[in-house]
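Chain letters run A, B, ... following the sequence lines, proteins first and then strands; every chain starts at 1.
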2 protein chains.
Amino acid sequence: MMKMHIPHDTPSHDARQDARPFSQILDRLRGAGLRPTRQRMALAKLLFEGGDRHLTAEMLHADAQSANVRVSLATVYNTLHQFHRAGLLREIVVDSQRTYFDTNMSDHHHFYFDQSGELADIPGDQVEVAALPAAPDGMEVSRVDVVVRVRPQGA
Amino acid sequence: MMKMHIPHDTPSHDARQDARPFSQILDRLRGAGLRPTRQRMALAKLLFEGGDRHLTAEMLHADAQSANVRVSLATVYNTLHQFHRAGLLREIVVDSQRTYFDTNMSDHHHFYFDQSGELADIPGDQVEVAALPAAPDGMEVSRVDVVVRVRPQGA
DNA sequence: TGTCAAGTTTAGAATTACTATAATCTGATG
DNA sequence: CATCAGATTATAGTAATTCTAAACTTGACA
């Protein structure tokens with residue numbers, strides 16, 4: 001049971017750093033109520049086995065291509081949104097015109113490099129938002145985003 | 001000198017609340033190095049004489065239409081960006097897919113109503129960002145944006 | 001005040017990021 | 001291993017924005 005058509009690598013009985021990498025991802029998908037299809041497994045591997053990442057749909061699609069994983073761009077978009085709804089990814093809005101997803105789900109904020117369009121995490125404990133005002137009547141706060149925009153010195 | 005083809009209103013010798021409203025705007029444009037054209041004057045009036053506003057290009061364009069000001073959408077986009085570059089407007093990113101501009105240039109942050117896509121100002125002194133991390137090497141902070149996303153209670 | 005170069009405006013085409021559609025495929029279940 | 005809801009895909013469609021090239025204004029100067 002469990003023989004996937006993903007390019008020959010990481011035979012699960014041999015993996016050293018991470019015991020049973022496939023089933024971890026499998027469990028994550030199952031837990032989220034998502035059928036572990038070939039494409040979702042492959043994208044999940046790309047997303048979650050590369051440490052903390054900030055990427056757009058196009059970036060992940062390119063990643064998949066170079067990893068010899070055949071997925072349509074439409075599926076990449078679908079998958080990113082599903083993972084987001086399932087709480088596996090965070091959506092970051094810093095740039096109208098492209099949507100970033102963040103694999104780091106812990107409480108944290110971001111640096112945004114305006115010229116390059118890149119993002120970097122700021123650990124949660126390095127930013128403190130004191131004194132938030134009360135939410136307007138009948139509303140509740142769903143999230144507080146802090147974006148620290150930076151540029152090269154003297155620009 | 002100074003007879004504009006803007007629909008009959010606010011004759012400058014008669015304005016009560018605001019002495020010489022035209023020349024104020026005129027000066028603002030001149031100060032920003034922008035030629036005070038009919039379109040820019042009209043858009044500036046719409047933008048800056050309505051108190052603090054959050055609007056998109058399409059909204060301002062609609063505003064102009066209903067005020068009987070003939071401006072192309074392209075000009076609205078151009079003008080918003082020029083005003084932004086000139087420091088007369090602030091650009092707010094809260095929603096990929098549309099760009100908002102804010103006429104309130106004072107130090108402040110925003111509530112964002114996720115379902116309606118509306119924005120509301122939070123006065124600068126009601127949010128306190130303590131403990132910002134140092135900017136990465138060779139970078140300087142250009143701005144810190146705090147967006148408090150809210151939704152109807154129990155959604 | 002007429003002329004002209006430079007700056008502006010415009011309609012419409014192009015681009016970009018994304019979403020919808022409808023046909024085809026796949027994997028969980030019986 | 002047949003079935004079929006759910007997933008994937010190519011492709012068309014959409015919305016916001018930018019580009020383009022031509023036409024129009026403006027301000028300066030003769």
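- Here C:dT10 presents its C1' atom at 14 Å from CZ of B:Arg40, a figure rounded to the nearest Å.
- With hydrogens and angles disregarded, no donor-acceptor distance shorter than 3.5 Å links the side chain of A:Arg53 to the backbone of A:Leu47.
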Chi angles and distances behind the side chain to side chain donor-acceptor pair (under 3.5 Å) call for A:His54, A:Asp121: CA-CA 9 Å; A:His54 302 106; A:Asp121 285 351; 2.6 Å; yes
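- With sequence neighbours excluded, the residues that form a salt bridge (charged side-chain N to carboxylate O under 4.0 Å, His left out) with B:Arg143 are B:Asp145.
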Letter per nucleotide, 5' to 3', of nucleotides 16-30 of chain C [B base touched, S only sugar-phosphate touched, - untouched; heavy atoms, 4.0 Å]: -SBB------BSS--
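- Taking five base pairs at each end of the helix from C:dT1-D:dA30 to C:dG30-D:dC1, the local helix axes there meet at an angle of 10°, rounded to 10°.
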Name every donor-acceptor pair, under 3.5 Å, that has one atom in a side chain of residues 123-141 of chain B and the other anywhere in the protein, sequence neighbours excluded.
residue  : atom : partner  : partner atom : Å
B:Glu140 : OE2  : A:Arg151 : NE           : 3.1
B:Glu140 : OE2  : A:Gly154 : N            : 3.2

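- In the hydrophobic clustering (ILVMFWY side chains linked at under 4.5 Å, chained through shared members), B:Val93 is joined by A:Val93.
- Atoms CG (A:Asn78) and P (D:dT11) sit 17 Å apart, rounded to a whole Å.
- Protein atom NE2 of B:His61 is 13 Å distant from nucleotide atom P of D:dA16, rounded to whole Å.
- Environment of CD in A:Gln65: crowded, with over 12 heavy atoms of neighbouring residues, nucleotides or ligands closer than 6.0 Å.
- The distance between atom CE of A:Met41 and atom C1' of D:dG6, rounded to the nearest whole Å, is 17 Å.
- Applying the ring pair (Phe, Tyr, Trp, His ring centres under 6.0 Å) test to A:His61 and every residue at least two apart in sequence or in another chain returns nothing.
- Rounded to whole Å, the distance from CG on B:Leu60 to P on D:dA16 is 15 Å.
- Between A:Leu34 atom CG and D:dA5 atom P there is a gap of 19 Å when expressed in whole angstrom units.
- The closest donor-acceptor contact from the side chain of A:Asp95 to the backbone of A:Gln97 lies at 3.5 Å or more, if one exists at all.
- Taking only side-chain nitrogens and oxygens, B:Thr75 never comes nearer than 4.0 Å to OP1 or OP2 of C:dT9.
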